[in-house]
Student: 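I'd like to ask you about the structure that follows.
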Amino acid sequence: MIGRKGEQRKFRLDLKGEKGRKYLFIGLIVLSFLLILIYNALTPMMSDDLTYAENVAGANFRDLIRKEKYQYKHWTGRSVSHMLLRLFLLGDKWFFNICNSLAFVVLSLFMYDNVERKKKYDTFVYLLIHLFLWIFAVSFEQTVLWETGACNYLWGSMIIMGYLTALRRCMKADYCGNAQIAAGVGLFLLGVLSGWCNENTSGGCILLAGIWIGLYAWKKKRVRIWMVSGLAGNLTGFLFMILAPGNAVRASYITEEHTGLMALVSRWQKCNLAVREHFFVLISIAMVVFILARLQKAAWQKSLNMLLYFFVFAATCYALVLAPEPMGRAYFGAGIFLMSSCIQGIVDVMDADLYLKAVKYGAAAVLALSFLFDYMECGAQLMRVYRESEERFHYIEEQRASGNMDITVPLLHPDFRNKYSDAYNSDLSAEDSSYWINVAYAAYFHVDSISAVPREEWDAY
């Protein structure tokens, strides 16, 4: 018994050391993957997913290139995101669920890697990143779980943060001589991809990379080849995206109430309202932790990473002044920069004061508890939404098989609406069977028309 107690004590003490933190850190990564995988699995295909799936049905890779070329000329320049989407829609939804869950975890690891002055295998920082993503990410249901939105925003942000992580690591290693060749080629290719992801977030990536390179050149009085190639790749991808002919075509469909200077003022005000709606809590956290760090007489150098990410967040948000009517989900990438700023600030606040330490860990515990309850409640609602969506899909297929080409289906039950499902924003119209989502359903299932009635009328119908 004495030997066993000694072994138990040794194991408990080991959990407090680096080896123990490593096990906990890996466990947290696995848990994070499983949590997001469940929600991905419970998110059905909807709206644009159906349109793109019908568009790529039976296509080979050459067909995908041709279709993307057409879209580049007639709708949008986000070729990297949409090629990803087309490739995923060729396969089973479960393949996307797994890959998308991995992308979510990889994004969190890139964010973690960019936080300075943390402990090795810092489970507190990694947990905080995931809590921030689940609770504060802009339009989580559209930007992370919806297949079309995820390829545009989650995957785009993952690629961008991957490029920034690679650039930062190269700066730390300070490759020189022949070692610059591999780094230069890799950063150029990553730079092209990250510059070609999303207009405002890719712009923020270029801005941050440029600042880092400028600070490096100012301190060390030199610039490495791989820095230039990485930034050149960024700019190349960005120019390919924003100069796409389809952008002009798409813009021609958008009308604004004001023109000239008043249009810019109106857009600026819309950005202000969007920033307040999406980021008020996070900005408040950033302000508080920065003040605390300054009161602790932290050097400006210590706060630099936090300030840079906050500056790039603001620039990424207000770059949308250039767009007539940006969707709310366009702020997702800016939110990733702001979360990185906040978490860096929380790490920068020293734990020497017991009360501050209690506030930091206590607030994280409250966030974790809140998320746990939300996850269980919304997960139950997602299961119900998924069940109804699958039942509706099967019903449409049965009706088509029986020869009925004008099909009526029920709308989703209104009581199952929750913040992690975009199904209600992407549901069929009960008033107009020519509504674009109804048309997308009809095209996907190869029927003449699909109409919808409220759920309470379905039994009677």
Student: Quick check, are the ring centers of Y39 and Y375 under 6.0 angstrom apart?
Tutor: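 Centroid distance Y39-Y375: below 6.0 Å, so yes.
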Student: Does a salt bridge link D113 with R168, judged by any charged N lying under 4.0 Å from a carboxylate O?
Tutor: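 Looking at D113 and R168, the cut-off is met.
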Student: I'd like to know if E388 pairs up with R455 as an ion pair, taking the criterion as any Lys NZ or Arg NE/NH1/NH2 lying under 4.0 Å from an Asp or Glu carboxylate oxygen.
Tutor: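 Counted as a salt bridge, because a side-chain N and a carboxylate O are separated by less than 4.0 Å.
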Student: I want to know whether F445 and F393 have ring centres closer than 6.0 Å.
Tutor: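 Yes: the rings meet the under 6.0 Å criterion.
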Student: Would S426 and D422 count as having a side-chain donor-acceptor pair, cut-off 3.5 Å?
Tutor: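 Yes, D422 and S426 have a side-chain donor paired with an acceptor closer than 3.5 Å.
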Student: Quick one: sort the F136 and F132 rings into parallel, tilted or perpendicular, breaks at 30° and 60°.
Tutor: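 If you compare the ring of F136 with that of F132, the planes turn out perpendicular.
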Student: Hey, mind stepping through W268 and Y318 against ring pair (Phe, Tyr, Trp, His ring centres under 6.0 Å) and telling me if it holds?
Tutor: CA-CA 7 Å; W268 182 270; Y318 287 96; 4.6 Å; yes
Student: Please find out if less than 6.0 Å separates the ring center of F88 from that of F96.
Tutor: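 Yes - the distance between ring centres of F88 and F96 falls below the 6.0 Å cut-off.
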Student: Examine Y70 together with W75 and report whether their ring centres are nearer than 6.0 Å.
Tutor: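 So the answer is no for these two rings.
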Student: Given K220 and D174, is the salt bridge (charged side-chain N to carboxylate O under 4.0 Å, His left out) satisfied, shown in steps?
Tutor: CA-CA 11 Å; K220 301 196 175 183; D174 201 13; 3.7 Å; yes
Student: Go through it in stages, so that I can follow the logic: the residues are N438 and S429, the test is side chain to side chain donor-acceptor pair (under 3.5 Å), and I'd like the CA-CA distance, side-chain angles, deciding distance and then a yes or no.
Tutor: CA-CA 7 Å; N438 295 55; S429 170; 4.8 Å; no
Student: Inspect the surroundings of CD1 in I225 and state if more than 12 heavy atoms from other residues, nucleotides or ligands are less than 6.0 Å away.
Tutor: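 No, the 6.0 Å shell around CD1 holds no more than 12 heavy atoms from other groups.
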Student: Quick one: closest heavy-atom pair of L64 and M83, and the distance?
Tutor: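 The answer is O-SD, 3.9 Å.
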Student: For the residue pair Y395 / E390, report whether a side-chain donor-acceptor contact shorter than 3.5 Å exists.
Tutor: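 E390 vs Y395: no donor-acceptor pair found between side chains.
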Student: Parallel, tilted or perpendicular: which one describes the rings of F371 and W134, with boundaries at 30° and 60°?
Tutor: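 The rings of F371 and W134 sit tilted, inter-plane angle from 30° to 60°.
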Student: Quick one: is the NZ or CZ of K419 closer than 6.0 Å to the six-membered ring centre of F140, and within 45° of its axis?
Tutor: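 No, cation not above the ring by the 6.0 Å, 45° rule.
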Student: Pick from D49, T43, D48: which one makes a side chain to side chain donor-acceptor pair (under 3.5 Å) with W146?
Tutor: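 Of all the options given, the one that passes is D49.
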Student: What pair of heavy atoms forms the shortest contact from V385 to A423, and how long is it?
Tutor: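 For V385 and A423, the tightest heavy-atom pair comes out as CG1-CB, 3.8 Å.
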Student: Measure from the ring center of Y112 to the ring center of F25 and say whether it is less than 6.0 Å.
Tutor: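 Close enough - the centres of the two rings lie under 6.0 Å apart.
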Student: Using only heavy-atom distances, determine whether the side chains of N114 and T165 contain a donor-acceptor pair under 3.5 Å.
Tutor: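 Yes, T165 and N114 have a side-chain donor paired with an acceptor closer than 3.5 Å.
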Student: Please report whether the ring centroid of F104 lies less than 6.0 Å from that of H130.
Tutor: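 So the answer is yes for these two rings.
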Student: Mind checking side chain to side chain donor-acceptor pair (under 3.5 Å) for W155 and listing every partner two or more places apart, or none if nothing turns up?
Tutor: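 Expected list: N100.
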Student: Does the ring pair (Phe, Tyr, Trp, His ring centres under 6.0 Å) test come out yes or no for Y441 and Y444, once each step is laid out?
Tutor: CA-CA 5 Å; Y441 266 76; Y444 180 76; 7.8 Å; no
Student: Take D63 and R86, measure what salt bridge (charged side-chain N to carboxylate O under 4.0 Å, His left out) needs, and give me the verdict at the end.
Tutor: CA-CA 10 Å; D63 294 330; R86 294 178 198 278; over 6 Å; no
Student: Look at the aromatic rings of F337 and Y309 and report parallel, tilted or perpendicular, splitting at 30° and 60°.
Tutor: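 If you compare the ring of F337 with that of Y309, the planes turn out tilted.
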